[in-house]
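Right, one structure below, let's go through it.
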Amino acid sequence: MELLVASAVGILTAAGIYLILRRRSFPVILGLSLITYAVNVFLFASGRLMTAAPPILNKYEEVAYTDPLPQALVLTAIVISFGMTAVVVMIALGAFLSSRDDRTALPAEPEGAGEDA
Amino acid sequence: MKLLRRLLPHPYLTLLLTLTWLLLVNGWSLNSLLFGFMLGVLIPFFTQPYWPNRPRLGKPLKIAEYILVVLMDIVQANIIVARIVLFKPNADRRPNWITIPLDLKTPEAITALAGTITMTPGTLSADISDAGHALLVHCLDAPNPDAVRDEIKQRYERRLMEIFE
Amino acid sequence: MSLFLIAALPFLGAVFPALLIRAGRNAAASAAGLTTFLAFTGLMLHIPAIFRGETVFAAVDWLPALGLNAHFFLDGLGFLFAAMILGIGLLIILYARFYLSREDPMGQFYSYLLLFQGAMVGIVLSDNILLLLVFWELTSLSSFLLIGYWKHLPEGRQGARMALAVTGSGGLAMIAGMLLLGHIAGSYDLSVILQNKEAIQSSHLYLPALILILIGAFTKSAQFPFHFWLPHAMAAPTPVSAYLHSATMVKAGLFLMARLWPVLAGTPEWFYIVATTGLVTMLLGAVIALFKDDLKALLAFSTVSHLGLITMLLGFGTKFAAVAAVFHIINHATFKAALFMTAGIVDHEAGTRDIKRLGGLRHLMPVTFTIGTVAALSMGGIPPLNGFLSKEMMLEEASHTLWNGSHLIVPALVTAAAVFSAAYSFRFIAHVFLGPKREDYPGHPHDPNTGMWIGPAFLVLLVVLIGLASAKIAGPMVATAASAVIGGEKLPYYSLKLWHGLTPALYMSIAAVIGGAVLLALHKPLARVWDAAPRPEAKVIFEGLIGAFTRLSQAVTGGLHNGALTRYSAVMVAFTVVIAYLAYRGGTLGAPTRALQQPGLLPVTGWFALVVATLFIVVKHRNRLLSLVLIGVVGLVVSMAFNYLSAPDLALTQISVEVVTIILMLLALNFMPKETPAETPVLTRMRDGAIAVVAGLGAGGLIYALLMRDFAFPTISDFHLANSYKGGGGTNVVNVILVDFRGYDTFGEIIVLGIAAMVIFALTEAVLGSRVRAYLLNREPDLPRAGDSHPLMMVVATRVMMPLALMVAAYIFFRGHNLPGGGFIAGLVAAIAIIMQYMASGFAWATERQRYPYHAIIGSGVLIAASTGMGAWFNGMPFLTSAFGYIHWPPLEEFEWATAALFDLGVFLAVVGAVLLALESLSRFAWQPGISSEHAMDINPAREDAAKTGTEG
Amino acid sequence: MASLFEFLVAAFLVMGGVFGIVGSYGLIKLNDPMSRLHAPTKATTLGVGGVLLASLLHAAVFEEHVSIHELMITLFLFLTAPITANFIAKVHIHRQETRETMPPAGEDDHWATHDKPEDEERRTAGRPDAAQ
Amino acid sequence: MMQHLLIAPVVLPALVAPFIIMVLRHHLDLQRIFSVASAVLLAGVTLALAAQAADGTVKVYELGDWPAPFGIVLVLDRLSGMMIVLTSLLALPVLLYAIGSGWDTRGSNFHALFQFQLMGIMGAFLTGDAFNLFVFFEVLLIASYGLMIHSGGTRRFQAGVQYVVFNLLGSTLFLFALGTLYSVTGTLNMADLAVKVSQIPAEDTALLRAGAVMLLLVFAIKAALLPLHFWLPSAYANAPMPVAALFAIMTKVGAYSILRMYTLVFGPEVAATAGLTENWLLPAALLTLIAGAVGVLGSNKIGRLAAFGAIASMGTLLIAVSLFTQTATAAALYYLVHSTLAAALLFLVADLVMERQGGWILPQLPMPQTGLISALFFAAAIALAGMPPLSGFLGKLLVLDATRGSELATWIWAVILTGSLITIIGMARAGSLLFWKGHGLPQQNTDTSAEPPQQNPAARPAQLPFVACFGLLAGLVALTVFAGPATRYAEATAAQLFQPQAYIATVLGEEAK
Amino acid sequence: MIENAAYFAFACFALAMLMNLWKIVTAPDIADRILALDTMFINAIALMVLYGLALGTEIFFEAAMIIAMLGFVSTVAYARFILRGNIIE
Ligand code: NA
Ligand code: NA
């Protein structure tokens, strides 16, 4: 199980970064989504992996619970990254609509002319 | 009375929602009933702008009958279709479009019919005509399209006419 | 008068001219003059003490942590310089009042001038070398302003920048040098440093400190090879040149060498560096001066030469040479300031400073001629003027100075310099004033009004008086100042008189005068040779260097920050991986302490789906819609994995967020290209792939290593598990953590969400308020569109689903404290229920039915959450302290209340508002006028029938 | 009695599994896009339905608490599946078919998906003030 | 109620912002009044808090009444006190400037975003919890995204994309780091982390170190350390300048976090994380300074020049920080305050220039009010270049003095002094071209490539921008004149940082024993 | 018996999911992919209910229900995108 989770994190990270290194804003946002999955799973897994032990207290019997804290952290992280994704999508759209170009590279500004003295 | 109508714009919906609540909380306690009813009143109150011109439903027994018929058909038809999928070569299958002229007028009724058609396997509501007087149905295997059309009109549309109009 | 006040007066005075200029030029000048005069008078009040050999102190701590303190002291050397600065300053203020034209902003001029004056006074009064540095750099800055005073002249701007670059860099070197010096001496106070000669000279830091300090001094005093800035500083108005470049700023370097002479001088290093530099500068400056046709350039190079002379004297390291240096400082200040003012008068009246266009002015400007001639003769070393006296002393000392074992080098070079010195001095007289009157002066030369010539006249009077009665007039001053230079030790034997007998110095002097006359006679042919001779043009080289460096900087900056986000990200990722790996390598990793869990069928299936979908995204990412579909797969699998791994809350959140995100991205994609072009070269892709794979290995390897080991310590979540029910009143520990144990995180989180929505809203406004609006209105869809935008079935289904979904949201909200769910997920579900209406019936239709502004929903959410948190204050508890209890109202069963639920309601509202505001804003991009909001569905047979019968619309 | 229920639960499970896989298999096997669209209804109805019934029964009999909220899932699926199918069908009609390749639309002119944007404009042009 | 003062810097803007959105959304004047009033009140609150911390006591606020390390705590010590005061004192003039220049009217929600921005910064400075630090980083970042693209425009959006994407990468790294640290130590509270890290078994050090260094890199991104600084120039240069001025404190959040975590948790004494930064942090800081200085010289627009000036100052600051000695830290703290004010001033001056002639350093338009603006530019330039008489010089001397003991002292000195020189040359070039050369230009505009001034000047109080600038300048002057007390506070702060036991004991209460 | 039946059902739905995945990867048209993803959502619901049954817990009910609701929304969104470009108009 650990291997599956670790390799999934690795593959999501790698794919995410590869896409983040593309030149257009859309694949970059896709990459950010993937790497967000990766980091959420990573953070979640920092509490170690347990099946069938949700941290919902059982009043009737003694059972094992998985670590609830990373789950709470990931929840916060998911929400935050949702907000961030929404904003980056919008800014990317704004950039595209204003320039009709979705390249993430900032074009060079025209040089100011004149004698440098 | 007017006030009651405003507060309870649609009693059926309130009933459905109260039942839904009990279904969700998985219990029948008085607390749940009251709370569910409260929500059942509140939510339609807040959402009624989104559902103007609600149709009047008639004859609860008819509704129950209809649901039973459809459920039976679903089981039956599923098996037929599973056989087609699993064993019938694609070449032997006769997929077909069927046009079903509609006698139903209200959107709710048409939707119920279209939904029924889709949920009973082997047929699928694909589209509606540009003025809403015909339904386009696709058949997985219908050597005789007219028979399918008649069956739909007979078995489902007729019943829905009784329920909705 | 307190030294503080003397040092502060010019700075205070600097404020007035700028303010008073509206009251007129005289008011500004008077204000400047008055403060200077006050400071000068204050200084003079110390004469008795100074001439008794006492030192006046004034100290207040400023930055004791560093040893930088406002410690001032006044001894002979400081007094001499302060007197020159303030005294000549007065004359310059007077002179400038008449020199500057009506167009020149005079208030600014006097402000700058006083700023500079204050900085100079500060330098010479500082007892703390760090304080001295402060003033030192201030002189660079204020002189920058003064040199660039005539903003419209490119030469002024260039000259100012060159001066600042050279003297500023020297100042920076000096900072290092001073810090070293203070470190060696254990204090930055001069009074302490000057007592530590042995410690300083034996320190291994002596040489670096010496070199660094000397760089500062040499740049300031325009010593070779830093001399080139001075002539270009002549672009300044002449009062500035007269002040800065004769008497004050360029003397600051000399002052510093004199000041530190007791502890730095006397070593071979000192001698060879300082004396040689001085000697070379002196000769070079004199030679160049002879061939300058610009009066001010001539004077500038002559200044360079004389500064070299004094530097050389200080470099000799003997007491006698020190006395001579002090004396020549005084003399040079007098005649050179007078000469600059003369040049200024000539320029002002004749309209040119070009010697080739001058000559014969003695007839037109007799007063100026007299002043200029006397001063120039003194500069040329002609008896009985003061320049002769100190030059004699210099020659005397030079005549027996050994350089690298040679008796000849110094005397010979010094004499050569003296020859050129005499020559350019004669030329100043001969080619400007003598000769026939010309017809082609650009202006109408005549003597200026008294205000302008009175200053130089006074100086020339001093020139003569010192020359004739030097022992009486200059003697005490020279003695006190020189004694301060040599560290209070006994003065050597010297006498300040015209006749010393037939000494080698006298022969050298005579040779100089004769040689000078000969050179002047040969000037024309020599100038031709000079002009033809190739030589480095310092200005060209400097400007070239600076220009090249600026262009290099532009290229480096532009190249490094080339705007390519891909490269920035690649560098960041690669750097992170490398640094993290190195850090990891520096520690140890123990053997696994946990057993590997065997995965079942379900996880393997999920893993496989995830991996395939992810890799397929990478392969197919250019098809944007497909990528989004695949992201849906990834989201689904991750959500299921959370469920499988005992995190139902996460699963719920993940899948809900997922859907909203996809809707958002689809909304955006509508306006964007549907395909990403293939534009990266294979090599780049391979590089990116390599970086990505390494980073992936890092992340995966890290979590694998972590997963295989237990926590090193018991985790804090044991506490959460133990106290969730007791202390938080809930059995869903994750939810209790979110709304209670770490409710503050959640508070921050909803604010993030709220801000995100606001940002999106603001951005929409900005975009739609720009020319993009027109584009959007005329935009043709890039894909063919189907009909029936609001299908009947969809509309009907969502009408039923909306109340159901809201019911589900309520359910998830209320059970969240004890079972999976909570305000956040409930908020998302509710938001999605409403979004379904938007998707089914259209933006216009749904918006029209929206009763509560989303901004207000967000705001109320945040306020409810914050108020719940603040409610605890009234119980005397900290922010966000929760309370809960149980209520029993028969016939109802007991039920629980918790303030956490109220907090969660805040979360719920913020989420609903934020999601909807974001999506609504985004949807507004596509809004077109003319889109109907009347009907929820495009096709509705009932409507048509109703229209026929006329019953409803 | 228990074994009967056990058998019933097992039977529902097997039925669910079979129909689930038939649905997804159909998706691969069927050779025309419209036919493929029929397959998921199997997974939706008897596939998930079987599992839900099994779960319901299992909870009631073996865990001794009545749990009927699984019906909510069914409710949602029954409500949504036709709409999903309808939309995907419209995608096919939009992308693969034209007015000419489709069967006649009864008394009407053509199918809604083939409404041209011009038609839309005609429809909205009549009431320009509706936007205000 | 006084004991709740510690949460006030977070709660106050968190209440004002939604109030502005809900109630005052269409009342600009009221928004301005509330925003300024809130900023003034915030300044008062932070000053009161700093006064409480000045005697060296550590104050802890247990949110939700949960004891550390289980709940989240706010911690007030000298450092956090100093940082919140600096933030609020920076915010006020910047806000006045934004109002006076009319920037707040050029887009929606400026005042609400501004308040949220303050809330995020305050929260980051006050928190004693590592994950909560992440949350407040995100609050301040997302507010900064909004402020950065405020009023829109193609280039601003394009730069915004870069800014957001790069920072999202940083946030992701933050989570990787936090996950790693939690996974090893089982805690998130910073004081508790300190205890756990000091006792970490040898077999866990490799993973701990990886987590610790990733955290450092996150902060280094915020602090614009080379080669993680790339986000800064175009973001700051293209942001509205008052916003960039406020951002002057954001890089300091990074520096603050480095100081906090690497004195409290991964301090110089901690064996497990020894040598984590030694080989690369200082060289990177040196390169940062050079890159910034070269950028100042190589800039052709004043906004970019200011941005590179900010980078250069971060380089100097990080040099001092990277030594992790008490004296160097004291110097760093003094320089931190200085560089915040100086950079902010330069950005505001840049806006004055851009408003009038578009901001090209090789000017195409003459500029009204040149005198006053050039004086302000001069002040800002010498402050940022570290020239006397302003505090930059003192800060530079302090840093130079404090780095004397380092093995790389020669390099440090050479780089700082060379960096100063390049900055001076760059500033002199820019100033002389902008103000001197620009002075002589003909009045009418023939070249349209310069951005025209954006809006009607009638609607705004014309003096306010200058009041704001002079306010910041006054801050610099005060920092210079009262350098003695200021450095004493910095030294006391550094001393407190390097003896974290009191902090830990106060936060953890009995747990510490 | 139930256990074996549950395993069988697990296997069926897992296999079904893999088939959906196969379809997503190989389908010639985007509509088929959306369809396959939608089916995947349904199979996921079944798996989740099954898993709850196997563990004897109801903890996964909400997730299954939400997926039923949201799978629909995302499918409609994809389809609307293809049909109209704009999913909210
Ligand atoms: Na069907
Ligand atoms: Na479906």
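Just so it is clear: chains get the letters A, B, ... in the order the sequence lines come, proteins before strands, and each one is counted from 1. What you see is a predicted model; the values in this text were computed from it and never measured.
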Is it the backbone or the side chain of C:Y568 that comes under 4.5 Å from a heavy atom of chain A, or both, or neither? neither
Passes salt bridge (charged side-chain N to carboxylate O under 4.0 Å, His left out), A:R22 versus C:D688? Steps please. CA-CA 9 Å; A:R22 299 305 88 212; C:D688 296 344; 2.2 Å; yes
Could you tell me the separation between the CZ atom of C:F719 and the CG atom of A:L69, rounded to the nearest 0.5 Å? 12.0 Å
Apply side chain to side chain contact (heavy atoms under 4.5 Å, CB included) to C:Y775 and A:R100, showing your working. CA-CA 10 Å; C:Y775 163 74; A:R100 238 48 59 70; 3.3 Å; yes
Against chain A, work out which of C:T746, C:T653, C:V767, C:L828 has the most heavy-atom pairs shorter than 4.5 Å and name it. C:T653
Which one wins on heavy-atom pair count under 4.5 Å against chain C: A:L21, A:V39, A:L106? A:L21
Side chain / backbone / both / neither for C:N562 at chain A, heavy atoms under 4.5 Å: backbone
Side chain to side chain contact (heavy atoms under 4.5 Å, CB included) between C:M665 and A:I29: does it pass, once the steps are laid out? CA-CA 9 Å; C:M665 291 174 68; A:I29 293 170; 3.7 Å; yes
Side chain A:Q71, main chain C:S646, donor-acceptor under 3.5 Å: yes
Which pair of heavy atoms, one from A:F96 and one from C:F671, lies closest together, and at what distance? CE2-O, 2.9 Å
side-chain contact (heavy atoms from CB on, under 4.5 Å) partner of A:M90, chosen from C:L667, C:T764, C:L664: C:T764
For A:T76 and C:D745, test the side chains for any donor-to-acceptor distance below 3.5 angstrom and give the result as yes or no. no
Contact leader toward chain C among A:T66, A:L97, A:L34, where contacts are heavy-atom pairs under 4.5 Å: A:L97
Name the region of A:S25, side chain, backbone, both or neither, that has any atom closer than 4.5 Å to a heavy atom of chain C. side chain
Which heavy-atom pair separates C:V638 from A:V41 by the least distance, and what is that distance? CG1-CG2, 4.2 Å
I'd like to know which of A:A86, A:G47, A:A92 tops the heavy-atom pair count under 4.5 Å against chain C. A:A86
Is A:F42 close to chain C through its backbone or its side chain, or both, or neither, when contacts mean heavy atoms under 4.5 Å? both
Out of curiosity, A:L30 CG to C:T676 OG1, how far, rounded to the nearest 0.5 Å? 7.5 Å
Apply the test side chain to side chain contact (heavy atoms under 4.5 Å, CB included) to residues C:F925 and A:L93: give CA-CA distance (whole Å), side-chain angles for both, the deciding distance (0.1 Å), then the verdict. CA-CA 10 Å; C:F925 281 98; A:L93 179 60; 4.2 Å; yes
Test salt bridge (charged side-chain N to carboxylate O under 4.0 Å, His left out) applied to C:R624 and A:D102, step by step: CA-CA 13 Å; C:R624 294 179 172 184; A:D102 63 348; 2.6 Å; yes
A:D67 and C:S717: which non-hydrogen atoms are nearest, and at how many Å? OD1-OG, 2.6 Å
Would C:L565 and A:I20 satisfy side chain to side chain contact (heavy atoms under 4.5 Å, CB included), going step by step from the backbone distance to the final call? CA-CA 9 Å; C:L565 177 63; A:I20 285 170; over 6 Å; no
So how far is it from A:L73 CG to C:I737 CD1, rounded to the nearest 0.5 Å? 7.5 Å
When C:I825, C:L645, C:L628 are compared by non-hydrogen pairs under 4.5 Å with chain A, the top option: C:L645
Between A:V89, A:L75, A:T104, A:I80, the one whose heavy-atom pairs under 4.5 Å with chain C are most numerous: A:L75
So CH2 of C:W607 and CD1 of A:I11: to nearest 0.5 Å the spacing works out to 5.5 Å
A:I17 and C:A695 have their tightest heavy-atom pair at CD1-CB, 3.4 Å
Can you tell me which of A:G83, A:A8, A:A14 forms the most heavy-atom pairs within a distance under 4.5 Å of chain C? A:A14
Search all heavy atoms of C:A647 against all heavy atoms of A:F44 and return the closest pair with its distance. CB-CE1, 3.5 Å
Counting only non-hydrogen atoms closer than 4.5 Å, does A:L19 touch chain C with its backbone (N, CA, C, O), its side chain (CB onward), both, or neither? side chain
State, to 0.1 Å, how close C:G730 and A:L57 come at their nearest heavy-atom pair, and which atoms those are. O-CD1, 4.1 Å
Without swapping roles, check the side chain of A:R48 against the backbone of C:L706 for a donor-acceptor pair under 3.5 Å. yes
Check whether C:I631 gets within reach of chain A through its side chain, its backbone, both or neither, counting any heavy atom under 4.5 Å. both
Of the listed residues (A:G16, A:A105, A:A15), which shares the most heavy-atom pairs with chain C below a 4.5 Å separation? A:A105
Looking only at C:L707, C:V752, C:V733, C:T566, most heavy-atom pairs under 4.5 Å shared with chain A are made by C:L707
Side-chain donor/acceptor of C:E679 to backbone N/O of A:R23, under 3.5 Å: no
Kindly compute the distance separating CD (A:E2) from CZ (C:R594), expressed to the nearest 0.5 Å. 6.5 Å
Select, from C:R622, C:R687, C:E658, the one with the greatest count of heavy-atom pairs under 4.5 Å involving chain A. C:E658
Report the distance from atom CZ of C:F824 to atom CD1 of A:I78, rounding to the nearest 0.5 Å. 8.0 Å
Measuring heavy-atom distances to chain C, does A:Y37 have an atom under 4.5 Å in its side chain, in its backbone, in both, or in neither? side chain
